Student: 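Please see the structure below; I have some questions.
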Amino acid sequence: MLTLALSKGRIFEETQPLLEAAGVHCAEKPESSRKLILPTSDPNLRLLIVRASDVPTYVQYGAADFGIAGKDVLLEHGGEGLYQPIDLQIAKCRMSVATAKDFDYANAVKQGARLRVATKYVKTAREHFAAKGVHVDIIKLYGSMELAPLVGLADVIVDLVSTGGTLRANNLVEVEEIMTISSRLVVNQAALKMKHTALQPLLAAFEQASQK
Ligand SMILES: Nc1ncnc2c1ncn2[C@@H]1O[C@H](COP(=O)(O)OP(=O)(O)OP(=O)(O)O)[C@@H](O)[C@H]1O
Ligand SMILES: O=P(O)(O)OC[C@H]1O[C@H](OP(=O)(O)OP(=O)(O)O)[C@H](O)[C@@H]1O
């Protein structure tokens with residue numbers, strides 16, 4: 001039996017075509033089912049529905065053999081115990097710095113001012129600003145980061161941007177792109193060895209489908 005961990009929402013939706021390309025169909029949808037373990041048309045493959053940020057943990061400890069997680073999530077986790085063979089090219093977006101329209105980011109950085117940064121992506125934000133030599137106070141949030149600059153909680157946010165619609169709706173502007181983001185297949189390192197024969201055809205089908 002193989003166990004694939006993934007989150008509902010965009011990752012589940014964008015994984016469907018990859019599973020179908022591997023000949024696997026999932027009749028139950030996590031949006032309509034309350035079940036957290038979903039069977040598939042392959043009696044040897046089941047899906048675990050977990051929080052996006054928990055996917056690496058399930059795979060690291062072998063509770064799932066493999067999983068699908070965004071680069072943002074993998075960087076925060078650190079990737080320990082995980083083999084990352086394939087960029088699936090799904091859930092694409094970018095991680096960026098954004099500020100209120102009237103905040104002079106370039107000047108704040110140039111002046112060496114201490115920047116208050118609100119984000120869910122603490123590790124990536126810390127590394128980004130350290131590399132620029134900018135001193136920061138990081139304020140950890142779990143969501144709705146866009147609020148922080150509007151109510152004086154932070155000078156800038158580090159968040160994911162796709163269409164830019166969320167920033168625009170909140171009168172924020174993207175001032176710096178940190179990196180592009182997509183979702184990766186991650187495999188438990190022990191499972192990769194012990195279940196290689198069962199995993200290999202699925203990994204190959206995912207890789208082929210994701211490159212189309
Ligand atoms: N607007 C977006 N467009 C495209 N991809 C995105 C976007 N927002 C997030 N992603 C990617 O999809 C992944 C899953 O996002 P999703 O919104 O489903 O979970 P989340 O709410 O960030 O996670 P959690 O439930 O753990 O808080 C993210 O880790 C990121 O890699
Ligand atoms: O540039 P846009 O196309 O507006 O996308 C960016 C938004 O997408 C993500 O949120 P998401 O939609 O996943 O909401 P959530 O984090 O609350 O789940 C991200 O945290 C931004 O808020």
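Atoms within a ligand are numbered from 1 in the order they appear, just like the ligands themselves. The structure presented is a predicted model; accordingly, all values stated were derived computationally and were not measured.
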Student: Taking Phe129 as the fixed residue, which of Val117, Thr124, Ile178 is the one that meets the side-chain contact (heavy atoms from CB on, under 4.5 Å) rule?
Tutor: Val117

Student: Output the list of atoms in ligand 1 that are nearer than 4.0 Å to some heavy atom of Gly70, sorted by atom number.
Tutor: 31 (O)

Student: Can you report which non-hydrogen protein atom sits closest to atom 3 (O) of ligand 2, along with the distance?
Tutor: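 In this structure, atom 3 (O) of ligand 2 has Thr163 OG1, 2.6 Å as its nearest protein heavy atom.
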
Student: Taking non-hydrogen atoms only, is Ile11 closer than 4.0 angstrom to ligand 1 via side chain, backbone, both or neither?
Tutor: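 Looking at Ile11 and ligand 1, just side chain atoms fall under 4.0 Å.
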
Student: Which of the numbered atoms in ligand 1 are below 4.0 angstrom from a heavy atom of Val73?
Tutor: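 This gives 29 (O) as the contact atoms.
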
Student: Quick one, Leu202 and Val24 - any side-chain contact, counting heavy atoms below 4.5 Å?
Tutor: yes

Student: Against heavy atoms of Ser162, which atoms of ligand 1 measure under 4.0 Å?
Tutor: 1 (N), 2 (C), 3 (N)

Student: For atom 23 (O) of ligand 1, tell me which residue out of Gly165, Ala52, Ala91 has the closest non-hydrogen atom.
Tutor: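 Residue with the shortest heavy-atom distance to the ligand atom: Ala52.
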
Student: If you count the atoms of ligand 2 from 1 in the order shown, which ones are under 4.0 Å from a heavy atom of Val161?
Tutor: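 This gives 1 (O) as the contact atoms.
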
Student: Indicate yes or no: does Asp155 engage Arg116 in a salt bridge with an N to O separation below 4.0 Å.
Tutor: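 Salt bridge between Asp155 and Arg116, a charged N being under 4.0 Å from a carboxylate O: yes.
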
Student: Would you kindly confirm whether Leu172 and Val158 end up in one hydrophobic cluster when ILVMFWY residues are joined by side chain heavy atoms under 4.5 Å apart?
Tutor: yes

Student: Relative to the heavy atoms of Ile181, which atoms of ligand 1 are at a distance of less than 4.0 Å?
Tutor: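 With Ile181 as reference, the close atoms of ligand 1 come out as 31 (O).
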
Student: Over all heavy atoms of both residues, which pair between Pro56 and Leu74 is shortest? Give the atoms and the distance, please.
Tutor: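 Shortest heavy-atom separation between Pro56 and Leu74 comes out as CG-CD2, 3.9 Å.
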
Student: Taking the side chain as everything from C-beta on, heavy atoms only, tell me whether Ile138 gets closer than 4.5 Å to Thr119.
Tutor: yes

Student: Are side-chain heavy atoms of Lys92 and Thr180 found at a separation under 4.5 Å?
Tutor: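 Of all side-chain heavy-atom pairs linking Thr180 with Lys92, none is under 4.5 Å.
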
Student: To which protein heavy atom is atom 13 (O) of ligand 2 closest, and what is the distance rounded to 0.1 Å?
Tutor: Arg10 NH1, 2.9 Å

Student: Only heavy atoms count here, so choose which of Asp159, Ile157, Leu160 is nearest to atom 6 (C) of ligand 2.
Tutor: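 Among Asp159, Ile157, Leu160, the closest heavy atom to atom 6 (C) of ligand 2 belongs to Leu160.
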
Student: Considering all heavy atoms of both residues, which atom of Lys123 and which atom of Glu76 are nearest to each other, and what is their separation?
Tutor: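 Reported closest heavy-atom pair: N-OE1, 3.0 Å.
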
Student: In the protein, which heavy atom is nearest to atom 5 (O) of ligand 2, and how far is it?
Tutor: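 Checked against all protein heavy atoms, atom 5 (O) of ligand 2 sits closest to Ser162 N, 3.7 Å.
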
Student: At what distance is the nearest protein heavy atom to atom 22 (O) of ligand 2, and which residue and atom is it?
Tutor: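 Heavy-atom neighbour on the protein nearest atom 22 (O) of ligand 2: Glu146 OE2, 2.9 Å.
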
Student: Would a 4.0 Å cut-off, counted as strictly less than, catch a protein heavy atom around atom 9 (C) of ligand 2?
Tutor: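 Under 4.0 Å from atom 9 (C) of ligand 2, zero protein heavy atoms found.
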
Student: Quick one: does Gly164 get an N or O within less than 3.5 Å of an N or O on ligand 2?
Tutor: yes

Student: Check contact between Gly143 and ligand 2, using heavy atoms of the residue and a distance below 4.0 angstrom.
Tutor: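 No.
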
Student: Looking at atom 16 (O) of ligand 2, tell me if a protein heavy atom falls under 4.0 Å from it.
Tutor: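 Within 4.0 Å of atom 16 (O) of ligand 2, no protein heavy atoms are found.
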
Student: Of all the non-hydrogen atoms in the protein, which one sits nearest to atom 4 (O) of ligand 2, and at what distance?
Tutor: Thr166 OG1, 2.5 Å

Student: Which of the atoms of ligand 1 are close to Lys92, meaning less than 4.0 Å from one of its heavy atoms?
Tutor: 3 (N), 4 (C), 5 (N)

Student: Check for me, please, whether Leu45 and Ile49 land in the same ILVMFWY cluster - side-chain distances under 4.5 Å, paths through other members count.
Tutor: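 Yes, it is one cluster - the side chains of Leu45 and Ile49 are joined through contacts under 4.5 Å.
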
Student: Tell me the protein heavy atom at minimum distance from atom 25 (O) of ligand 1, and give that distance in Å.
Tutor: Arg51 NE, 2.7 Å

Student: Under 4.0 Å from ligand 1, counting heavy atoms only, is it the side chain of Lys71, its backbone, both or neither?
Tutor: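 The answer is neither.
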
Student: Taking Asn188 for the side chain and Ala190 for the main chain, is one N or O donor matched with an acceptor at less than 3.5 Å?
Tutor: yes

Student: Below 4.0 angstrom from a heavy atom of Asp72, which ligand 1 atoms are there? Numbered from 1 as shown, please.
Tutor: 28 (C), 29 (O), 30 (C), 31 (O)

Student: Start with the C-alpha distance between Ile181 and Arg94, add both sets of side-chain angles, then the distance that settles side-chain contact (heavy atoms from CB on, under 4.5 Å), and finish with yes or no.
Tutor: CA-CA 5 Å; Ile181 299 286; Arg94 55 193 185 272; 5.5 Å; no

Student: Is there a side-chain contact between Leu75 and Tyr121 in this structure, where contact means two heavy atoms from C-beta onward sitting under 4.5 Å apart?
Tutor: no

Student: May I ask you to identify the nearest protein heavy atom to atom 20 (P) of ligand 1, giving residue, atom name and distance to one decimal place in Å?
Tutor: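 Looking at atom 20 (P) of ligand 1, the protein heavy atom closest to it is Lys120 NZ, 3.7 Å.
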
Student: Where does Val161 meet ligand 1, judged by heavy-atom distances below 4.0 Å: at the side chain, the backbone, both, or neither?
Tutor: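 None of Val161 does.
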
Student: Looking at Gly9, is its backbone amide N or carbonyl O close enough to the side chain of Glu31 to form a donor-acceptor pair, meaning the two atoms are under 3.5 Å apart?
Tutor: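 Yes; at least one donor-acceptor contact below 3.5 Å.
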
Student: Quick check: does any side chain N or O of Glu14 sit under 3.5 Å from a backbone N or O of Ala91, one acting as donor and the other as acceptor?
Tutor: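 Yes; judged by distance alone, with no hydrogens or angles, the pair exists.
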
Student: State whether the shortest distance between N or O atoms of Arg10 and N or O atoms of ligand 1 falls below 3.5 angstrom.
Tutor: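 Yes, Arg10 has an N/O under 3.5 Å of an N/O on ligand 1.
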
Student: Considering all heavy atoms of both residues, which atom of Leu47 and which atom of Cys26 are nearest to each other, and what is their separation?
Tutor: CD1-SG, 3.8 Å

Student: At a 4.0 Å cut-off, with the gap strictly under it, does some heavy atom of Lys120 reach an atom of ligand 2?
Tutor: no

Student: Does Cys93 come within less than 4.0 angstrom of ligand 1, counting non-hydrogen atoms of the residue?
Tutor: yes

Student: With side chains defined as the heavy atoms from C-beta onward, is the minimum distance between Leu2 and Leu199 less than 4.5 Å?
Tutor: yes

Student: May I ask you to identify, for Met145, whether its side chain, its backbone, both or neither come under 4.0 Å of ligand 2 on a heavy-atom basis?
Tutor: neither

Student: Pick one of side chain, backbone, both or neither for how Ser53 approaches ligand 1, counting any non-hydrogen atom pair under 4.0 Å.
Tutor: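 Both backbone and side chain.
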
